[in-house]
Each structure stands twice: as C-alpha cells, then as structure tokens.
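Scroll down for the structure; my scribbles are underneath it.
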Amino acid sequence: MSSESIKSVSQYIEEVCNVTKKCKNFYPIVNEAPLFRGQPDTAFELMPSIGRGRKSEIDVTILNEERNLIDMAKFRMPSIFTNDLKPVELLAMLQHHGIPTRLLDVTENALVALYFACCDEKCTNKNGEVIVFKDTQRTVGNYPIIEAIADTYRLCRGTWTTPEIFFQNAKNMDYFAEQKYLLQLMSKNKRDNKGASFISDYDSWLSGIANKPLFIYAPFTNLRQRMQQGRYILFPNALDKENDTVIIKDLIQPISKDSECVVARIQIAAEAKENILRELKFFGISRQTLFPDNVDIVCEEIKKSAYNKIQDKN
C-alpha cells in the first residue's frame, strides 16, 4: 500500500510511473507488463464475483449455481451466448452482461483503473485503491489448459475430482484437439512412451498453476471492452490433499494482496474521489466514454451535464 493517499490525477500519474519502473523488461528472458485494477474500498478482496461469500465448501453461494447460470444464459439467449464460443470467450461475454463468473476484470490503462476506484457511489466515504499487477505472459493465445479451467463447471463432476480426472475430461474437448493429435502421434512411439509422459506433464502443469493468478486475454467483442482496455484474471478452483491424493475443491481462493504478482497498491483518498472523477474527464475517462454501448448511461450523462450547467448559472 502506498504510504500517502492519492488526492489528484497528477499525483496518481507520478505514482504509477514510479511503480511501473519495478516491472522488468528484458525481452525475451523477462517481460513483465503492468496491469491495473481499481477497487472503491481497500477492504475488498481480490476475488471474482462467482467466488465471493464462500469461505468453505459447505457454504451455499452463487458458486453452486455456476453451471445453471451459464446453461440458462445459453438457453435464453442462444444468439448471444452461442455454442461455438470457446470457454474463455463465453465467460468474458457473460461477465460483460453482468452474470457472475470466475473472471476478475483488470485493465492495461492505469487511468481506467483509477476511475473504477472512485466511481462507486456506495463507497464515497471509503478509501479506494488501485492494485498494480505484473503479468509475465508473453503470448496472446490462451493455452488449452486455460480454456479447460474456464470450463471447470463442465469438467468437475461430483465432490471428488482429481487433476487426473479433470485432464481426462478436458482432453476430449474441441480446444484440446491439436494436443490430442500430438499425444496420439507420440503414443505410437513405444520405445520411450512419450505419450504417457505427455499426460503426466499436463497433469503436473495443472497442479502447478491451479493456485496462481492466470492473466488471460479474451477477444474484444464489444466497444466497451476496447474503451476499457480490458484483460482478465482467471481463477481456478483451489487444490487440496486428502489421503495423499490431490483433489480439486469446490472453492475459489482470493489472490493475496501480498502476492508476488502484486507490484503495488496505490491508495485513493475518499475525500478526493469526486474531484478525481472531474479531472479524469479531461483525459477522456468518464462513465459515458467507458460504457459507450449502454444507451441509458450515455443519455443519463447527457442529462447530468445539462443539469450541471443550470446549477452553475444559478
């Protein structure tokens, strides 16, 4: 957490410039890119909407409804949530339309994150913060195992799913077609049994990444995503051990704000939020510009602007 609360856009920009110097850029060995998330209350966890409120597997929360939420959205609006969408694309589309998912929004634009740290009217008396992450992912494409984690609601069945079972279910999905073909080719080589090794490697990979933040890409399918320069963090289910067997729990863990992927937390003073929002408009950052595809929001902002002019004259 920054030692001094930010009270203006200029102060924030200076802080961001200092913080992002901590990201290393020695391509191709190290290539750390900063990503930002604005939260209106410093007490808020780094947790996606689908995982909130669930402290143990026996708690009944919206996570219990993950499959039903997704299937119902596809059933009621098949022209939007089409069957040809890959799992990451589907979750991003659901997130855009307000359905709880295992995605957490982040942005490549530091000023956009500042806006979201200030704009929540329910938290005007709370200090906000912008969390700065470092992303080391070098490729735009999402690996098949990333698609599988986004597809957890289909791949985890029952209360006892191991990474082995998870992968066996995942490799039959379309997004694993290329890897499955390679596996079949390698399995024909009986001398070194590379096919079996390939399965083991993927199983180990899943176990290794399941408790780490996964910074992912999703296609810009709408104007709002482009304006907000959105990216996502994908949250897998937590892993645990029972009788020396690794199992996938029906639980999502928040990212610790002390995680090694967090470069800094920049605190925003509660009393400065309103003024910061006014200053951000000079940089083209406002509710109207960040939600340009929402006609109601755009019209509401036009109305607010007119009322403000009247009040200024009085």
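- Heavy-atom neighbours of Glu14 CD from other residues, nucleotides or ligands within 6.0 Å: at or below the threshold of 12.
- Judged as a ring-ring contact (aromatic ring centres under 6.0 Å, His included), and not counting sequence neighbours, Tyr175 has no contacts.
- Looking at every heavy atom in both residues, Pro48 comes nearest to Leu103 through CB-O, 3.5 Å.
- Under the 4.5 angstrom side-chain criterion for Ile, Leu, Val, Met, Phe, Trp and Tyr, the cluster partners of Met227 are Leu223.
- Considering all non-hydrogen atoms of both residues, Cys156 and Ile248 come closest at SG-CG2, 3.9 Å.
- Taking the side chain as every heavy atom from C-beta outward, Met173 and Leu155 approach each other to under 4.5 Å.
- Members clustered with Met72: Phe75, by chain and number, using a 4.5 Å side-chain heavy-atom cutoff among hydrophobic residues.
- Using a 4.0 Å cut-off between charged nitrogen and carboxylate oxygen, Glu32 and Lys22 do not count as a salt-bridge pair.
- Contact record, Ala238 with Gln253: CB-CG, 3.7 Å, taken as the closest heavy-atom pair.
- Look at Arg154 and Asp151 and you find a salt bridge, because one of the NZ, NE, NH1 or NH2 atoms lies within 4.0 Å of a carboxylate O, short of that distance.
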Audit row: Thr221, Gln225, side chain to side chain donor-acceptor pair (under 3.5 Å) steps and yes/no: CA-CA 7 Å; Thr221 57; Gln225 284 176 295; 3.1 Å; yes
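- Looking at Phe133 and Phe36, their side chains never come closer than 4.5 Å, going by heavy atoms from C-beta outward.
- With sequence neighbours left out, the salt bridge (Lys or Arg N to Asp or Glu O under 4.0 Å) criterion links Arg278 to Glu274.
- Contact between Glu147 and Val88 at its shortest, heavy atoms only, is OE1-N, 3.0 Å.
- What you find for Leu114 and Leu280 is that their closest heavy atoms are CD2-CD2, 3.9 Å.
- What you find for Pro292 and Arg224 is that their closest heavy atoms are CD-CA, 4.2 Å.
- Applying the salt bridge (charged side-chain N to carboxylate O under 4.0 Å, His left out) test to residues at least two apart or on different chains, none of the pairs has a partner in residues 113-128.
- Ion pairing between a basic and an acidic side chain is recognised when a charged N comes within 4.0 Å of a carboxylate O; Arg54 and Asp59 show no such pairing.
- Between Lys257 and Glu129 a salt bridge is recorded (basic side-chain N to carboxylate O distance below 4.0 Å).
- Considering only residues two or more places apart in sequence or on other chains, Asp41 meets the salt bridge (Lys or Arg N to Asp or Glu O under 4.0 Å) condition with none of them.
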